[in-house]
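Right, one structure below, let's go through it.
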Number of protein chains: 2
Amino acid sequence: MTHTTDQCSARPPGRPRSERAAKAIVDATLDLLAEEGGVAGVSIEAVAARAGVGKTTIYRRWPNKEALIIDALAALKEPLPEPRGVSVREDLIAIARAFVADKSDKKRVDCYWSVLGSAERYPELVERVTREVIEPRREVMRAALRRGIASGELRPDLDVELAQWIITGTITHRARAAGAGPVPVDFAERIVDAVLAGFAAH
Amino acid sequence: MTHTTDQCSARPPGRPRSERAAKAIVDATLDLLAEEGGVAGVSIEAVAARAGVGKTTIYRRWPNKEALIIDALAALKEPLPEPRGVSVREDLIAIARAFVADKSDKKRVDCYWSVLGSAERYPELVERVTREVIEPRREVMRAALRRGIASGELRPDLDVELAQWIITGTITHRARAAGAGPVPVDFAERIVDAVLAGFAAH
DNA sequence: CCGATACGCAACTGTACCGTTTCGAAAGTC
DNA sequence: GACTTTCGAAACGGTACAGTTGCGTATCGG
């Protein structure tokens, strides 16, 4: 062994890549994605300018805009809610609360909205976000609903898929509605109680 | 009176503007708005090319892209549903059906989605669409819900605003969901029945 | 037919961005 | 100190679009 640098991961020679620069680039990308309202509005030049970084520094790490955005979106992932409460009502409220909290982060919502709005142009991006972020969260809610049916708390003929659309759709729509202001903190409980009890009298 | 052309509306001399061209321009604008997934994706050049029209013909009628898009969106307006059925259930289903039909027109949904997604960039567009298209439809549903409460069909403590978010949000979200396919024809009835009866057993 | 206007088309200037390259300086290892 | 790689900055050619202008033609009224 003539090498003394065989430590572990074979650190390459030369100046190491700045971690600060990488973070600044990702942050700037998300900022622009949220502000410009679309993937098309994000330009490498704008990202570089906002991050206080040379374009070289970006192109050294990512081959193009799509790859940068994909990596940036990964930084948005939040841990899945894992409710195992005593009742369906509490499980659903916990999940809905996590949704509302997510949607209260304006930057986060705007990023997802921007990406999903660019479906025709960047199908790969949309497919990836759907698979890695949206679908797992939908599954958590479906599982909670199925548990409720099994425990007898929910009507046995409940359409789980439809029920799931109702809860997530309401929150999403409310969060994105123009001019409706921020989602109230108790929105999760109110919607769960409303759909559990039903609109009809008695 | 030396003029014989005083007929009525003082028709200007020269070749009149082609109605066909105007329609082709508006159609092309909406097509692009839906396909490109954003206001930014619509370029006058692309509109002209798709409409089979010279750029001059566009600029003669509209001063810029925003004005063109505003006028084009006006062509999307559909008549308001005006339900006065025998029961709240039928009223809500009628309104929901109109929503679903609207959302089944992919071009129409994509156009609104595109515009609303450009909120930060083009606030005037968003404000206008919200005021002239969305809010009147929301009001129709609120009115139906209030009638239901007054008639005793709906529980008196029902949160009308929340109920309205639930129904419209579910349809909108379902229509826009990636990879979920077209909204089924019976979606309107299923959602109304589900929220009327509630999820809970008995 | 004449004048006026609109038509589609092409050419033009100006701006913005892409993706690449070059540069001198900085920051690490040996 | 020698070497390697990254850093931010600047410049480059290429593409796309905005908005304008000129041109020959078409279509209206008188």
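Numbered from 1 within each chain, the chains take letters A, B, ... in sequence-line order.
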Checklist entry - Looking only at atom types and distance, does a side-chain atom of B:R176 sit under 3.5 Å from a main-chain N or O of B:I171, one as donor and one as acceptor? => result no
Checklist entry - More 5' along DNA chain C: B:G14 or B:R60, using each one's nearest nucleotide? => result B:G14
Next on the checklist: Counting only side-chain nitrogens and oxygens, does B:T57 get under 4.0 Å of the OP1 or OP2 atom of C:dG8?
Outcome noted: yes
Separation of [N] [atom2] from [X] [atom1] (nearest whole Å):
X	N	atom1	atom2	result
A:W62	C:dC18	CH2	P	15 Å
A:R61	C:dG19	CZ	C1'	17 Å
A:I58	D:dG8	CD1	P	9 Å

Could you go through nucleotides 18-21 of chain D and list every protein N or O atom that sits under 3.5 Å from one of its N or O atoms, giving the distance for each pair?
| residue | atom | partner | partner atom | Å |
| --- | --- | --- | --- | --- |
| D:dA18 | OP1 | B:I44 | N | 3.0 |
| D:dA18 | OP2 | B:I44 | N | 2.9 |
| D:dA18 | OP2 | B:E45 | N | 3.1 |
| D:dG19 | OP2 | B:Y59 | OH | 3.4 |
| D:dG19 | N7 | B:K55 | NZ | 3.0 |
| D:dG19 | O6 | B:K55 | NZ | 2.6 |

Checklist entry - Does A:I167 reach the side chain of B:T170, with side-chain heavy atoms less than 4.5 Å apart? => result no
Next on the checklist: My understanding is that only residues two or more places apart in sequence, or in another chain, count here; which of them pass salt bridge (Lys or Arg N to Asp or Glu O under 4.0 Å) with B:R137?
Outcome noted: none
Strictly below 4.0 Å, N to O, side chains only: are [X] and [Y] in salt-bridge contact?
X	Y	result
B:R131	B:E127	yes
A:E35	A:K107	no
A:R89	A:E189	no
B:D31	B:R50	yes

Checklist entry - Got a sec? Which of residues 15-40 of chain B come in under 4.0 Å of DNA chain D, heavy atoms? => result B:R15, B:P16
Checklist entry - In terms of the nearest nucleotide of DNA chain D, which residue is placed more toward the 5' end: B:P13 or B:G41? => result B:G41
Checklist entry - Taking the six-membered ring for Trp, are A:W113 and B:W113 parallel (under 30°), tilted (30 to 60°) or perpendicular (over 60°)? => result parallel
